Amino acid sequence: MQLITDRKTVRRVGAGLVAGSALVVAGANIRLWLVSAGYRSGPAAAPTVPVVIVPGAKVGPDGAPMAYMRGRLDVAIELLRAGKVREILVSGDAAGTSGNEITSMTKYLADHGIDPAVVRCDGEGLSTRATCERAKDLFGIDRAIIVTQYQHLPRAVALCRGAGIDGYGVVAYCECRRKTLVRNTIREWLAAPKAVAALI
């Protein structure tokens, strides 16, 4: 009888922990959406600012940007050509396991006719938070657009604004597989509590 009771207790405690964790994750995501509300848009509605920040993403086996990175870079190019920004800051891992994100991004921009003189590089933007903090502290950026996919946008905007940047988010394109979208959506949901803790 005691064993049965103990099992029920373990199940109840486990269920409580799962429910509590789910509430924390949901609450954190709501907080990020609220903090970034009014600061997210598509490319056409983007404000005019000095620089667009492009966070790194996965690089293909051939060194070329994969779908997430391409989508971000394409929007950055669009914003530059539309006169919405004067410079592009590419920020990522220059020694990533999938390849050098900075080399991949700068080559893609050059291949699409972007003058290297308007591209700045940060090879140690190892996370969204690091990208935003380094943009402020090392590059002196006070006002910027950060361009990334819609799942990532609330967290990116909130972290940049938390770092002291008057930051606006612009949705990047994504010709992505459904599996990739689902995986990255789950990843973003789970990353929200850490981001909220950093803001606090």
Side-chain angles (χ1 to χ4, degrees), residues 29 32-33 36 39-49 51-94 96-116 118-123 125-132 135 144-160 165 167-192 195:
N29 277 276
L32 294 179
W33 274 92
S36 62
Y39 302 104
R40 304 187 307 266
S41 73
T48 299
V49 300
V51 61
V52 56
I53 301 170
V54 184
K58 193 171 183 181
V59 176
D62 60 352
M66 295 188 73
Y68 263 55
M69 187 185 285
R70 282 199 311 273
R72 296 172 186 181
L73 291 167
D74 287 343
V75 170
I77 292 168
E78 185 177 324
L79 292 170
L80 184 70
R81 288 177 174 165
K84 298 277 189 176
V85 300
R86 298 192 302 271
E87 291 183 317
I88 299 173
L89 171 63
V90 293
S91 178
D93 190 349
T97 55
S98 69
N100 188 325
E101 295 175 6
I102 301 302
T103 296
S104 181
M105 289 192 280
T106 52
K107 184 177 186 305
Y108 187 89
L109 292 171
D111 289 347
H112 285 75
I114 302 303
D115 183 353
V118 302
V119 180
R120 302 165 78 183
C121 303
D122 178 9
L126 306 184
S127 67
T128 305
R129 181 181 179 184
T131 287
C132 294
I145 288 168
I146 186 164
V147 59
T148 187
Q149 281 70 26
Y150 76 93
Q151 305 100 321
H152 182 212
L153 205 59
R155 182 164 67 94
V157 171
L159 287 170
C160 273
I165 296 173
Y168 297 82
V170 170
V171 181
Y173 306 125
C174 188
E175 296 177 0
C176 305
R177 297 177 300 173
R178 181 174 296 179
K179 178 181 178 181
T180 301
L181 290 172
V182 169
R183 182 178 66 244
N184 283 300
T185 297
I186 293 171
R187 176 180 177 273
E188 282 304 318
W189 268 76
L190 296 177

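Along the sequence shown, residues carry numbers from 1. The model shown is predicted, which means the values in this text are computed figures rather than measured ones.
Of all heavy-atom pairs between A64 and S104, the closest is C-OG, 3.5 Å. For P47 against I145, the heavy-atom pair with the smallest separation is O-CD1, 3.5 Å. Among all heavy-atom pairs drawn from V170 and A46, the shortest one is CG2-CB, 3.6 Å. Between I165 and A135, the shortest heavy-atom contact is CD1-CB, 3.9 Å. Among all heavy-atom pairs drawn from Q149 and Y173, the shortest one is NE2-O, 2.8 Å. The two atoms that bring H152 and T128 nearest to each other are NE2-OG1, 2.8 Å, heavy atoms only.
When the shell of 6.0 Å around NZ of K84 is examined, it contains more than 12 heavy atoms from other residues, nucleotides or ligands. Annotation for Y108: atom OH counts as buried by contact number, over 12 foreign heavy atoms lying within 6.0 Å.
Summarising the geometry, atom NE2 belonging to H112 is positioned 6.0 Å from atom CG belonging to D74; distances are rounded to the nearest 0.5 Å. In this structure, OG1 on T103 lies 9.5 Å from CE on M105, to the nearest 0.5 angstrom. Put simply, CD1 on I53 and OG1 on T131 are 8.0 Å apart, with the number rounded to the nearest 0.5 Å. In this structure, CZ on R120 lies 13.0 Å from CD1 on I102, to the nearest 0.5 angstrom. Atom CD1 of I114 and atom CD1 of I77 lie 5.0 Å apart (nearest 0.5 Å). Taking CZ of R155 as the start and SG of C160 as the end, the distance is 11.0 Å to the nearest 0.5 Å.
Under the rule for a side chain to side chain donor-acceptor pair (under 3.5 Å), D93 has no partner lying at least two apart in sequence or in another chain. Partners of E78 by salt bridge (Lys or Arg N to Asp or Glu O under 4.0 Å), not counting sequence neighbours: none found.
Within the 4.5 Å cutoff, side-chain heavy atoms of P154 are placed close to those of R40. With a 4.5 Å cut-off on side-chain heavy atoms, V85 and V49 count as touching. Counting heavy atoms from C-beta outward, V59 and N100 have side chains that stay 4.5 Å or more apart.
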Take I146 and V157, measure what side-chain contact (heavy atoms from CB on, under 4.5 Å) needs, and give me the verdict at the end.
CA-CA 7 Å; I146 186 164; V157 171; 4.2 Å; yes
Run the numbers on V54 and V147 for side-chain contact (heavy atoms from CB on, under 4.5 Å), then give the verdict.
CA-CA 6 Å; V54 184; V147 59; 3.8 Å; yes
Apply the test side-chain contact (heavy atoms from CB on, under 4.5 Å) to residues L153 and V171: give CA-CA distance (whole Å), side-chain angles for both, the deciding distance (0.1 Å), then the verdict.
CA-CA 7 Å; L153 205 59; V171 181; 3.6 Å; yes
Take L109 and L73 through the side-chain contact (heavy atoms from CB on, under 4.5 Å) test and state the conclusion after the steps.
CA-CA 7 Å; L109 292 171; L73 291 167; 4.0 Å; yes
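Results of the side chain to side chain contact (heavy atoms under 4.5 Å, CB included) test with C121 over I88, L89, V90 single out V90 as the only residue that passes.
Within the structure, salt bridge (Lys or Arg N to Asp or Glu O under 4.0 Å) pairs that include any residue of residues 98-115 comprise K107-D111 (at least two apart or interchain).
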